[in-house]
Amino acid sequence: METKDKSVSIMCFHDELCQVFNAMMTALSLLREGAKVTVYFGSRGVNAIHKDKVGKLQCLPDMPEIGEAVMKRMDELDLPLVEDLFFMFTREGGQVLACPLNAPLFGMSERDLIDGAKLADPARYYKDVVIPADMNLTF
């Protein structure tokens, strides 16, 4: 499949590391294949792009022993940090958006977001990104 001129919308509604990592690995891979990719963080997902929280995300926080084992294995595999995925994704042209309704619910403003992320305009996001997207993915 030719990815040139394809657009992808990815929505992430979680702040659990494995979900965020999978969303961003998918986003970065599609971006590097030539697709235009936008990742939208809503609900608890806005915590994943908070500059003070992104480095503290945990895998399976409700199952600490398994989560720790997963994080140890990710480290052994020398997988990139989620912060690095965000950095690469935005620097390579991907767009990261936060839900402007959920951010304030979690006590956040645009100043709290990681570099390269911004608050979405919901009407424009759905009209200009989601509806015309060739692929919509949810994590």
Side-chain angles (χ1 to χ4, degrees):
M1 175 178 98
E2 181 65 37
T3 55
K4 192 167 179 67
D5 300 322
K6 297 285 184 184
S7 65
V8 179
S9 166
I10 297 176
M11 294 180 180
C12 185
F13 298 107
H14 298 277
D15 58 1
E16 190 268 337
L17 179 62
C18 294
Q19 291 286 341
V20 176
F21 183 88
N22 289 332
M24 292 311 300
M25 281 296 290
T26 300
L28 186 60
S29 296
L30 289 165
L31 184 70
R32 288 180 172 172
E33 288 300 320
K36 178 182 177 188
V37 184
T38 301
V39 185
Y40 178 90
F41 288 84
S43 190
R44 291 178 58 152
V46 296
N47 290 308
I49 57 174
H50 187 289
K51 62 185 170 188
D52 294 333
K53 297 178 183 178
V54 65
K56 299 173 186 167
L57 300 179
Q58 294 291 311
C59 264
L60 305 169
D62 57 334
M63 303 170 70
E65 290 179 15
I66 296 172
E68 287 176 26
V70 170
M71 291 186 72
K72 182 180 179 203
R73 185 67 180 135
M74 288 173 75
D75 191 45
E76 290 169 354
L77 293 171
D78 200 27
L79 296 175
L81 299 173
V82 75
E83 301 98 298
D84 295 334
L85 293 176
F86 280 118
F87 178 82
M88 291 183 281
F89 180 73
T90 57
R91 293 306 182 271
E92 293 177 30
Q95 185 174 30
V96 176
L97 299 174
C99 175
L101 304 174
N102 292 128
L105 289 177
F106 288 92
M108 298 169 56
S109 72
E110 197 163 48
R111 292 184 311 275
D112 298 309
L113 301 178
I114 61 172
D115 288 342
K118 61 184 178 182
L119 292 177
D121 174 339
R124 289 184 55 211
Y125 169 69
Y126 289 106
K127 179 180 176 272
D128 297 342
V129 177
V130 176
I131 292 171
D134 296 293
M135 187 184 326
N136 287 289
L137 305 173
T138 305
F139 288 84

Novice: Would you compute the distance between atom CG of Asn136 and atom CE of Met11 and round it to the nearest 0.5 angstrom?
Specialist: 6.5 Å
Novice: I'd like to know if Ile10 and Val96 are part of one continuous hydrophobic network [Ile/Leu/Val/Met/Phe/Trp/Tyr, side-chain heavy atoms within less than 4.5 Å].
Specialist: yes
Novice: Once ring-ring contact (aromatic ring centres under 6.0 Å, His included) is applied, what residue pairs with a partner in residues 93-122 remain, sequence neighbours excluded?
Specialist: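 ring-ring contact (aromatic ring centres under 6.0 Å, His included) check on residues 93-122 returns no pairs.
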Novice: Under 4.5 Å between side-chain heavy atoms, counting indirect links through other Ile/Leu/Val/Met/Phe/Trp/Tyr residues: same cluster for Val39 and Phe13 or not?
Specialist: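 They do not share one cluster, since no chain of ILVMFWY contacts under 4.5 Å joins Val39 to Phe13.
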Novice: Would you give me the side-chain donor-acceptor pairs under 3.5 Å for residues 43-60, sequence neighbours excluded?
Specialist:
residue	atom	partner	partner atom	Å
Arg44	NE	Asp15	OD1	3.3
Arg44	NH2	Asp15	OD1	3.1
Asn47	OD1	Lys53	NZ	2.9
Asn47	ND2	Asp15	OD2	3.2
Asn47	ND2	Arg44	O	3.3
His50	ND1	Asp52	N	3.0
Lys51	NZ	Arg111	O	2.9

Novice: Scan the side chains in residues 20-27 for donor-acceptor partners under 3.5 Å anywhere in the protein, sequence neighbours excluded, and list what turns up.
Specialist:
residue	atom	partner	partner atom	Å
Asn22	ND2	Cys18	O	3.1
Thr26	OG1	Asn22	O	2.8

Novice: Do the non-hydrogen side-chain atoms of Lys36 and Gln95 ever get within less than 4.5 Å of each other?
Specialist: no
Novice: For residues 62-89, please give each side-chain donor-acceptor pair under 3.5 Å, one per line with the distance, not counting sequence neighbours.
Specialist:
residue	atom	partner	partner atom	Å
Arg73	NH1	Glu76	OE1	3.3

Novice: Should Leu17 and Leu28 be counted in the same cluster of Ile, Leu, Val, Met, Phe, Trp and Tyr side chains packed under 4.5 Å apart?
Specialist: yes
Novice: For the residue pair Leu119 and Pro100, what are the closest heavy atoms and their distance?
Specialist: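 It is CD2-CA, 4.1 Å.
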Novice: Mind jotting down which residue pairs meet the disulfide bond (SG atoms under 2.5 Å apart) criterion with at least one end in residues 89-139? Sequence neighbours excluded, please.
Specialist: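 As it turns out, there is no disulfide bond (SG atoms under 2.5 Å apart) pair with a partner in residues 89-139 once direct neighbours are skipped.
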Novice: Report yes if some heavy atom in the side chain of Lys6 is under 4.5 Å from a heavy atom in the side chain of Met135; otherwise report no.
Specialist: no
Novice: Using side-chain heavy atoms (C-beta onward) and a distance below 4.5 Å, is Ile114 in contact with Thr90?
Specialist: no
Novice: Rounded to the nearest 0.5 Å, what separates atom CZ in Phe41 from atom CG in Asn102?
Specialist: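 Phe41 CZ to Asn102 CG: 12.5 Å, rounded to 0.5 Å.
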Novice: Where is the tightest heavy-atom contact between Val8 and Ala35, given as atom of each residue plus distance?
Specialist: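 Reported closest heavy-atom pair: CG2-CB, 4.0 Å.
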Novice: Using atom types as modelled, flag every donor-acceptor pair under 3.5 Å from a side chain in residues 122-132 to any protein atom, sequence neighbours excluded.
Specialist:
residue	atom	partner	partner atom	Å
Tyr125	OH	Ser9	OG	3.0

